[in-house]
Amino acid sequence: MQQTHTASSRAAPEAPPALLSVRDLATHFPVDEGNVVAVDGVSFDLYEGQTLGIVGESGCGKSVTALSIMMALSRPGRIVKGEILYRPRGQDPGPDEVIDLAALKPDGKEMRAIRGAEIGYIFQEPMTAFSPVHTVGNQLIEAIRLHRDVDGKEAKSLAIELLRQVEVPLAEQRLDAYSWELSGGLRQRVMIATVMASNPRVLIADEPTTALDVTTQAQILDLMRSLQQQSGMAIIMITHDLGVIAEMADYVAVMYLGKVVENAPVDDIFHAPKHPYTKALLRSIPKITEAEEELATIAGTVPHAYSRPEGCLFHPRCPEFMAGTCDARTPPPLPVSPGHHVSCFLYGDGG
Amino acid sequence: MAAETQPADRRLLEVKDLRKLFPFSRGLIRRVRGEVKAVDGVSFHVNEGETLGLVGETGCGKTTTARCVIRAIDPTSGQVLFRTQDGPVVDMAALQGGHLRAVRREMQMIFQDPFSSLNPRMTLFDLVSEPLYNYRVGNRREREDRVAELLRLVGLRPEFMRRFPHAFSGGQRQRIGIARALALNPRLILADEPVSALDVSVQAQVLNLLKGLQAQLGLTYLFVAHDLSVVRHISNRVVVMYVGKVVESAPTRRLFTAPKHPYTEALLSAVPVADPRARAQRIVLRGDAPNPADPPTGCYFHPRCSYAADVCRTDTPVPREISPGHVVACHRAQDLELKGVHQLGASKHDGS
């Protein structure tokens, strides 16, 4: 993983150190049928004011990566390896003053001071994130009082202010609404307000607009961008939608079967993709700007969780498979241009 | 891309002024207090062998329209004219009993979610042969041969016949659903968001399969979807709905490159383009679509429309054909210069 360590130096020399550095993270789910390797040696860096897009198809481990960072894995999932180095808020600490979240107790005091407070999380389906029997106002006020030392009255006015900040119309009346009375877009706005209550430095958004219509999605993405500009928070945007990635991300990690196969600045991913999987993914999406006769597909299917291929995980489906190499060894991440790493034997000397 | 207008437009399906109202009641004695106009005077047609894309956002009535067409629910009023295999045109909306059953066999539905639309306790054989059984087609031996043929047609191995759907991935399950829909040799397929639950690489496989089957079997598709990129890829013509009404319909290329309704323009503009160099200023609509139980006066889109004039607040726009095959319901359709996908988000370097 030495290569990815140098990745942090790709930012301009005067750039601050990474806010969050994930190093060789591995998360497993040992179940009766076998051991599911959900995250398999993932590394990336996240910088203040920037958006990292994590993209991949169902089961690639993008959500489990996010839940690992939050230390919110459900049983029997556990982090078996790696570090999640977080530079906490405070008196402008030096680069050495970092906490390894992976070493904290998931429900310990330290982790609880970070989860939700410094690292916020937005879910895909805002319907399930709210309690249907409490008003959204009460839930928002609860979140505010959890993270800020204010009385009920102050919390209420803060809640109204937050709803205005996320552009909820008629903010005062909305406090008395229940989540099921709101449209999908409004519910996602209230969800974002709840997360913004603690003024997080890192926002993890897991498919935040997948359940929404396109025009509502455009509104929510717009809102996230403007909140980021105001607060300078870093965003991890997890999605399967390459359009959303192109729109939002500064740099991108492409995941396949628990590994980052390619990471690069967003322009490289779309205009100079290197990994055969990234290329195949880009070719398979229909484009709104042109009418193509037939879409390119990826041969075969994603292998079952219990039967991971040897060597490069993508080799059984890869159009550029090299026998004796790709099925024998795991390709390490290789730098191909500044900030651009690819795990593929086609690049470098291959041996 | 197939020709957008066929030389001999043979209409397989013609929907005329279709309405579906859902009354709702409130209060202690459950008095009917109003009605949700889910589908409010929708008209369109589908030519034989083409794909008509029906697009719009949640609650616009696109699925209700499809369900009325196949008579899964009864429309409140309007006509659903279907040209049957034997020749005569029948009104699906007026048929009853055995007549309806006989005609309905020529149209089949493909559903969105391949995980909930297949009974987990039925084998592939049971699932795919059920329509044959329902219409008493063939004996068991013949049905087995037919199922094997259908499975091969959709790219599954006939040996899978005795397995249950849980053993298959989402894309494979969608293929099972397609095989089942094809069992009775239908002429019209209503596909309701058939690929929106699938991953992109699987989505591409299923879209290619649907296109291939259409060419091979001469199928006609009514393709209901919210994903405009998918609709552009598969459709010959597109109908855009908003709050129960058709706001615009046109040949696909024309609709995407030269939309005439401000809602279509906003919808096209909202689609994130998979190209970071194309991050453009989007038209971000304000607010939500109106409640179909209590729509605004005049044009339903006027509260969110940046081009709205006085007339839009008071008068309902009537659909007008502004060029051959291009119908728009907008008072200002003639004087607005709206942007298509190429001015909105398309990158310049692809030369289009």
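So that the names make sense, note that chain A is the first sequence line, chain B the second, and so on, each numbered from 1.
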Here the gap from A/Thr289 atom OG1 to B/Phe256 atom CZ, rounded to the nearest 0.5 Å, amounts to 10.5 Å

The interface call for A/Gln217 against chain B, heavy-atom contacts under 4.5 Å, is side chain

- Using atom types as modelled and distance alone, determine if a side-chain donor or acceptor of A/Gln219 lies under 3.5 Å from a backbone N or O of B/Val284. no

Heavy-atom closest pair (B/Asp275 atom, A/His271 atom, distance to 0.1 Å) is OD1-NE2, 2.7 Å

Heavy atoms of B/Glu57 and A/Asp213 approach each other most closely as OE2-CB, 2.9 Å

Bottom line for A/Ala296: the part with an atom under 4.5 Å from chain B's heavy atoms is backbone

(message) Please check: side-chain N/O of B/Asn208 versus main-chain N/O of A/Leu295, any donor-acceptor pairing under 3.5 Å?
(response) yes

Minimal heavy-atom distance between B/Ser229 and A/Pro286, with the atoms involved, is CB-O, 3.4 Å

Checked B/Ala289, B/Pro276, B/Gly56 vs chain A; the most non-hydrogen pairs under 4.5 Å come from B/Pro276

Rounding to 0.5 Å, atoms OG1 (A/Thr301) and CD (B/Gln172) come to a distance of 6.0 Å

Under 4.5 Å to a heavy atom of chain A? For B/Leu207 that would be side chain

All heavy atoms of B/Arg304 vs all of A/Thr215, minimum pair found to be NH2-OG1, 4.2 Å

Under 4.5 Å to a heavy atom of chain A? For B/Gln205 that would be both

dist A/Lys287:NZ -> B/His233:NE2 (nearest 0.5 Å) comes out at 10.0 Å

Here the pair of heavy atoms bringing A/Ser284 nearest to B/Ala204 is O-CB, 3.5 Å

**Report entry** Any A/Arg283 side-chain heavy atom under 4.5 Å of B/Ser201 side chain
**Finding:** no

If you tally heavy-atom pairs under 4.5 Å between each of A/Ile298, A/Asp267, A/Val302 and chain B, the highest tally belongs to A/Asp267

By residue number, those in residues 235-243 of chain A with heavy atoms under 4.5 Å from heavy atoms of chain B are A/Leu242, A/Gly243

When every non-hydrogen atom of A/Ser183 is compared with those of B/Asp288, the smallest separation belongs to OG-OD2, 2.6 Å

Turns out that what part of A/Arg189 lies under 4.5 Å from chain B's heavy atoms comes down to neither

In this structure, CG of B/Leu209 is separated from OG1 of A/Thr297 (nearest 0.5 Å) by 11.0 Å

Residues passing the side-chain hydrogen bond (donor to acceptor under 3.5 Å, both in side chains) test with B/Asn291, sequence neighbours excluded, are none

Heaviest contributor of heavy-atom pairs below 4.5 Å to chain B, chosen from A/Val244, A/Thr216, A/Ile269, A/Val214, is A/Val214

